[in-house]
Amino acid sequence: MAFKSPKGTRDFYPNLMRVQNHIFSIWKNTCKAFGYEEYEGPVFEQLELYTQKSGEEIVEQLYCFKDKGGRDLALRPELTPSLARMVNLKAPELKFPLRWFAVPRLYRYERAQKGRLREFYQLNMDIIGCTSLTAEADLISAVIEMLCAFGLNDKDFAVGLSSRRLIREFLAAQIPEDKIGQVYRVLDKRGKITEDLFNKMLTDLSISQGAIESINSFLNATTLSELKQMQCGGLLDDAVTELEELFNTLERVGYTGYLQLDLSIIRGLDYYTGVVFEVFDRNKSLRAIAGGGRYDNLLANLGGKQLSGVGFGIGDVVLYELLKEKGLLPEKIYGPDYFIVTFGDVDADLLSFARALRGRGKKVLYPLESVKVKKQMSQAVESGADKVIFFGSDKAPAGHFEVKNLETREQAIVAFDDL
RNA sequence: GUGGAUGUAGCUCAGUCGGUAGAGCAAUGGAUUGUGGUUCCAUGGGUCGAGGGUUCAAAUCCCUUCAUUCACCCCA
């Protein structure tokens, strides 16, 4: 019986690993271009780190276990609690604001489906200890630049901006405080269900017809001016102004085509308190590519100081699906500079020649067994090598080698020093 | 946890009314013993997911089970 990889996990054969490294490298290069520093935490944490924030029911969605000392642990389903924990521990000596990133491997015990696995990677970028909207602007700018670096553009994706604060304040003006949590859940489903069902679900929560109409027109707003017209006696001024400022900034930087007001974005239930955003593909055929927002209380809730953070995560699985759909996965394989083809045996002479070339900083590959030249040529092409060096050729004078460029098929005699 | 779809060669998939298994690609060898992605020829490769049932006969029909996948629930 052959073993398969466990449900919801992937085997990264070199073909796929190459793509994965491409994704990681664009992620990390973008973070570095923005000056963020990399950090990392443990792959497992105390179970309580997650239950404290989200309640016991989250245990169903976690890979959790007891270690040999009887401690309850869980494989991390997200990195932000670890980040908060790490920041809290060293807060006195850290220089705020922090701009940190990480590429954690994460684990969630749930049914796998398109764009969603049990083991995956996610880039996290966070700013901690900054209340300025520039933090939001910086992160949104980073996610746009990063996606563009993959070859995507404003026809492929957009950033939907919303505000938990605005939605909360709007709802507070419409409906009783104790209903807000339930209403959030319904709002979150709005995109997937019919309008009638949406209205019915709100009616079932004893929301008045007037309030339902008001909620619908609020959520349908696609521009800030629409939003301003429906303000309830100035209650929402600050939250709207905040969004307006963020839009203005990002538009002036040059991201107009990428931005969209989308108040249907709620992002989970707790955790976020201010601006929230999601990146989605224009076809809307995939789940969200990235998502994030501002969290004011997370660090304090985990026993630290009151520090405001903003962050987002972007997973590798949906991004991969999108890049594949758009034909943007890298095809060219990274290969060595030289593949040595020998007319004689693969022996110590060949290996020491390879060693000399590597000493000159070249990436060098050679056949591991003495096989026909024809077959060696195939191996050379297969390896993605730029050039072939013919070793043991009687057509080249001493200290010189026949070199063939595999792309142009041109062949020349080159002195060792010019290799 | 619920519902649908799919399991046949390394990969992508055909397989009609039930009659003991096919193609393309890939692999290997040759045409071509010192030069690669083309071409031609040949060769190898199968527990038809597994188990049971019906039948003279099952990849095909029935039952069970496992796996994969999509959607729902959930989505940090």
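Note that the coordinates shown come from a computational prediction; the quantities given were computed from them, not determined experimentally. Every chain is numbered from 1 and lettered A, B, ... according to where its sequence line falls, protein lines coming before strand lines.
A:Arg76 has a carboxylate O that lies under 4.0 Å from a charged side-chain N of A:Glu40, or vice versa, which qualifies the two as a salt bridge. Salt bridge annotation for A:Glu119-A:Arg10: absent, with no cationic side-chain nitrogen under 4.0 angstrom from a carboxylate oxygen. Between A:Lys200 and A:Asp196, none of the side-chain N atoms (NZ, or NE/NH1/NH2) sits under 4.0 Å from a carboxylate O, so this pair counts as no salt bridge.
In this entry the distance linking CE of A:Met201 with C1' of B:rC73 reads 12 Å, nearest Å. Atom CZ of A:Phe3 and atom P of B:rA67 are 14 Å apart (whole Å). In this entry the distance linking CZ of A:Arg287 with C1' of B:rC75 reads 7 Å, nearest Å. Note: CD (A:Glu78) to C1' (B:rC75) measures 11 Å, nearest angstrom.
Crowding of A:Arg99 atom CZ: a count of heavy atoms from other residues, nucleotides or ligands under 6.0 Å not exceeding 12. Surrounding CZ of A:Phe12 are more than 12 heavy atoms belonging to other residues, nucleotides or ligands, all under 6.0 Å away.
Across B:rA26 and B:rU43, the matching C1' atoms stand 14 Å from one another, rounded to whole Å.
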- Message: Please encode protein proximity along nucleotides 7-12 of chain B as a string of B, S and -, counting only heavy-atom distances under 4.0 Å.
- Response: ------
- Note on the structure: Contact string for nucleotides 30-39 of chain B, one letter per nucleotide 5' to 3', B = base within protein heavy-atom range under 4.0 Å, S = sugar-phosphate only, - = neither, reads S-B-BBBB--
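A distance of 6.0 Å or more separates the ring centres of A:Phe401 and A:Phe390.
As judged by a 4.0 angstrom heavy-atom cut-off over every strand, A:Leu106 is placed among residues making no nucleic acid contact. A:Glu60 comes within contact range of no nucleotide atom at all, as no heavy-atom separation falls under 4.0 Å.
Listed nucleotides B:rA71, B:rU28, B:rC74 differ in distance to A:Lys375; the shortest reach to its side chain belongs to B:rU28. Across B:rA71, B:rC74, B:rA76, the shortest atom-to-atom separation from the side chain of A:Lys114 is found for B:rA71.
Ring pair A:Phe416/A:Phe353 is tilted by interplanar angle, where 30° to 60° counts as tilted.
Take A:Arg360 and apply the salt bridge (Lys or Arg N to Asp or Glu O under 4.0 Å) test, not counting sequence neighbours, and it matches no residue. Every residue two or more places apart in sequence or in another chain was checked for a side-chain hydrogen bond (donor to acceptor under 3.5 Å, both in side chains) with A:Tyr50, and none qualifies. Considering only residues two or more places apart in sequence or on other chains, A:Asp347 meets the side-chain contact (heavy atoms from CB on, under 4.5 Å) condition with A:Asp345, A:Asp349, A:Leu350.
At the phosphate of B:rA71, OP1 or OP2 sits under 4.0 Å from a side-chain N or O atom of A:Gln113.
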- RNA chain B in dot-bracket form (Watson-Crick or G-U pairs under 3.5 Å, [ ] crossing, | inter-strand) is (((((((..((((.....[..)))).(((((.......))))).....(((((..]....))))))))))))....
